[in-house]
Amino acid sequence: MASNLFASHNTSGISLTPAAGATISPTPHASSSSTISLSKPVSKPISTLKQQQNQHKPAQAPQHHDVVIIGSGPAGYTAAIYLGRAGYKPSILGGELQPGGQLTTTTEVENFPGFPDGVQGPDLMERMKQQALKFDTTISNLDVTSVERFAETGVDGIGTSNTVNHNSISTGIPSARPHGDGPDTFTLRTSNGEVHTARAVVIATGSHHRKLGVPGEAEYSGHGVSYCATCDGFFFKGKPIAVIGGGDSALTEALFLAKFGSQVTIVHRRDHFRASQALIDRVSAEPKISVEWNSTVVSVNGDGKAASGLTLRNVTTGETSELPANGIFIAIGTEPNSAFLHGLVETDSRGYITVSGASTKTSVPGIFAAGDVVDPLYQQAISAAGMGCRAALDAQEWLESR
């Protein structure tokens, strides 16, 4: 199975903390997405080592911006296009592991306006990126590790700040206020120790895939368990595959995986799908796809080296059964990438950033949010792009008023 390791990804390109004992390096993929490869284990998590290494780096002077956009999916790129055209020269901090977000790991996108014949997800994101660059956007594929809001202004532009990430990297640099008149300005620190200041911030960090949380899932992650059909479907050519979920994402992945697997079984906890009718019709017409209705996963099973199947429980009868599967693809929804903010802005109980009415204004003046990190319901590329437009207009109004 090639490297026996599969890509783990999230919408925005903002990466999650890697598992202990793993080093991460991007490798080419046929669909222009990013995969993760493991090398020789180290004694400490990469995030810890990065922080230790950055603590010994020489202090870096802050880079000043009118506006910084955190995230590089449809919402982030659209916000950059609008703010760039308005003359603000936005800076995107797009994440290390998956710049461009989840669409970089999808195949054909059929419902984005302007592409009557469909468009490949990676191609769509690359076009958005190039359009943002055309309007004087700078893009750095870095993770944001902390965001600070200034409480008051000091002498020579140096202010006191409320640090919202108490584990932020120490750079040895005083919190430096960017040029501007208002007290509500921000400092952002990145995974390589850079310091960026901004008069406004747009958060477009998207979401990441939800886990099942059952025995064997973590053990066989990268050894049969995957969250990205596009990344890993090829490894299971001619083998039985299971897809967990019943929404658009699950059905889309099942259709894609039918090109490779000997049989694809969708495991769904309800007796009907929660997906678009067009996808349901296509799944129903695919002879390789079958469905285990009213079923949940009890455990992922294997031989200690690779996954070999699932134990299922019927939620109606309570009976358990075994489902052979070498490839197990989990598509049960997402969770927002907002934890890095450590409570700076208000969120709901699930972590989705709350905004004021139909605007993109968060609870902190000068910070705006758009896309899947705000939207738990629609989570579509086109709705994220539309919200990115609104965030840019809200940020522009804020900047013009300062």
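Hydrogens, waters and symmetry mates are skipped; everything else that's a heavy atom, side chains included, is used.
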Just checking, any donor-acceptor pair under 3.5 angstrom between side chains of [X] and [Y]?
{"X": "Thr145", "Y": "Asp143", "value": "no"}
{"X": "Thr311", "Y": "Asn301", "value": "yes"}
{"X": "Asp375", "Y": "Gln380", "value": "no"}
{"X": "Thr197", "Y": "Gln63", "value": "no"}

Hey, does the side chain of [X] reach the backbone of [Y] with a donor-acceptor pair shorter than 3.5 angstrom?
{"X": "Thr78", "Y": "Gly388", "result": "no"}
{"X": "Asp348", "Y": "Tyr352", "result": "yes"}
{"X": "Glu335", "Y": "His208", "result": "no"}
{"X": "Gln396", "Y": "Ala392", "result": "no"}
{"X": "Asp136", "Y": "Lys89", "result": "no"}
{"X": "Thr137", "Y": "Ala132", "result": "yes"}
{"X": "Lys288", "Y": "Ala258", "result": "yes"}
{"X": "Thr104", "Y": "Gly100", "result": "no"}
{"X": "Ser249", "Y": "Gly247", "result": "no"}
{"X": "Thr252", "Y": "Asp248", "result": "yes"}

**Q.** Aromatic plane relationship, Trp293 with His268 - under 30° parallel, 30 to 60° tilted, over 60° perpendicular
**A.** perpendicular
Q.
Under the rule for ring pair (Phe, Tyr, Trp, His ring centres under 6.0 Å), what residues qualify as partners of Phe260, not counting sequence neighbours?
A. Phe256
Q.
Holding to ring pair (Phe, Tyr, Trp, His ring centres under 6.0 Å), I want the full list of residues that pass it with Tyr77, two or more places apart in sequence or in another chain.
A. none
Straight-line distance of [X] [atom1] to [Y] [atom2], nearest 0.5 Å:
{"X": "Leu257", "Y": "Lys237", "atom1": "CG", "atom2": "NZ", "result": "14.0 Å"}
{"X": "Tyr220", "Y": "Ser308", "atom1": "OH", "atom2": "OG", "result": "6.5 Å"}
{"X": "Ser338", "Y": "Asp372", "atom1": "OG", "atom2": "CG", "result": "12.0 Å"}
{"X": "Leu83", "Y": "Ser91", "atom1": "CG", "atom2": "OG", "result": "11.5 Å"}
{"X": "Glu217", "Y": "Leu310", "atom1": "CD", "atom2": "CG", "result": "10.5 Å"}
{"X": "Phe186", "Y": "Ile70", "atom1": "CZ", "atom2": "CD1", "result": "10.0 Å"}

Beyond-backbone contact of [X] with [Y], side-chain heavy atoms, under 4.5 angstrom:
{"X": "Ile203", "Y": "Leu341", "result": "yes"}
{"X": "Val355", "Y": "Phe368", "result": "no"}
{"X": "Asp123", "Y": "Glu126", "result": "no"}
{"X": "Leu142", "Y": "Val144", "result": "no"}
{"X": "Val225", "Y": "Phe329", "result": "no"}
{"X": "Asn326", "Y": "Ile241", "result": "no"}
{"X": "Ser295", "Y": "Arg269", "result": "no"}
{"X": "Thr190", "Y": "Val195", "result": "no"}

Which pairs would a plain distance check flag for residues 356-366, meaning a side-chain donor or acceptor within less than 3.5 Å of a matching protein atom at least two apart in sequence or in another chain?
from, atom 1, to, atom 2, distance (Å)
Ser359, OG, Ser356, O, 2.6
Ser359, OG, Lys361, N, 3.1
Thr360, OG1, Asp394, OD2, 2.7
Thr362, OG1, Val364, N, 3.2
Thr362, OG1, Val364, O, 3.2
Thr362, OG1, Ile367, O, 2.8
Ser363, OG, Glu346, N, 2.9

Q: Determine, for Arg199 against Asp66, whether the closest basic-nitrogen to carboxylate-oxygen distance falls under 4.0 angstrom.
A: yes
Q | salt_bridge(Arg189, Glu148) N-O dist < 4.0 Å | A | yes
Q.
Arg282: which residues meet the side-chain hydrogen bond (donor to acceptor under 3.5 Å, both in side chains) condition with it, sequence neighbours left out?
A. Glu110
Q) Quick one: side-chain hydrogen bond (donor to acceptor under 3.5 Å, both in side chains) partners of Asp303, sequence neighbours excluded? A) none
Q | Trace of the side-chain hydrogen bond (donor to acceptor under 3.5 Å, both in side chains) decision for Ser226 with Asp232 | A | CA-CA 7 Å; Ser226 173; Asp232 308 320; 2.4 Å; yes
**Q.** Atom CZ of Arg85 with >12 non-hydrogen neighbours under 6.0 angstrom
**A.** no
Q.
Tell me if the CZ atom of Phe234 is crowded by more than 12 foreign heavy atoms within 6.0 Å.
A. no
Q) Taking only residues two or more places apart in sequence, or in another chain, which ones meet Ala325 in a side chain to side chain contact (heavy atoms under 4.5 Å, CB included)? A) Ala242, Ile328
How far apart are the closest heavy atoms of [X] and [Y], and which atoms are they?
{"X": "Ser221", "Y": "Tyr227", "result": "OG-CE1, 4.2 Å"}
{"X": "Gln379", "Y": "Ser207", "result": "NE2-OG, 4.2 Å"}
{"X": "Leu103", "Y": "Ala381", "result": "CD1-CB, 3.5 Å"}

Q: I would like to know whether Thr265 and Val243 meet side chain to side chain contact (heavy atoms under 4.5 Å, CB included); could you show each step before the answer?
A: CA-CA 6 Å; Thr265 303; Val243 176; over 6 Å; no
(Q) Go through it in stages, so that I can follow the logic: the residues are Leu312 and Thr296, the test is side chain to side chain contact (heavy atoms under 4.5 Å, CB included), and I'd like the CA-CA distance, side-chain angles, deciding distance and then a yes or no. (A) CA-CA 6 Å; Leu312 305 180; Thr296 60; over 6 Å; no
Q) Going through the distances and angles, do Val68 and Val202 end up as a side chain to side chain contact (heavy atoms under 4.5 Å, CB included)? A) CA-CA 6 Å; Val68 168; Val202 175; over 6 Å; no
Q: Begin from the C-alpha positions of Arg210 and Thr334 and carry the test side chain to side chain contact (heavy atoms under 4.5 Å, CB included) through to its verdict.
A: CA-CA 5 Å; Arg210 184 178 294 132; Thr334 59; 5.8 Å; no
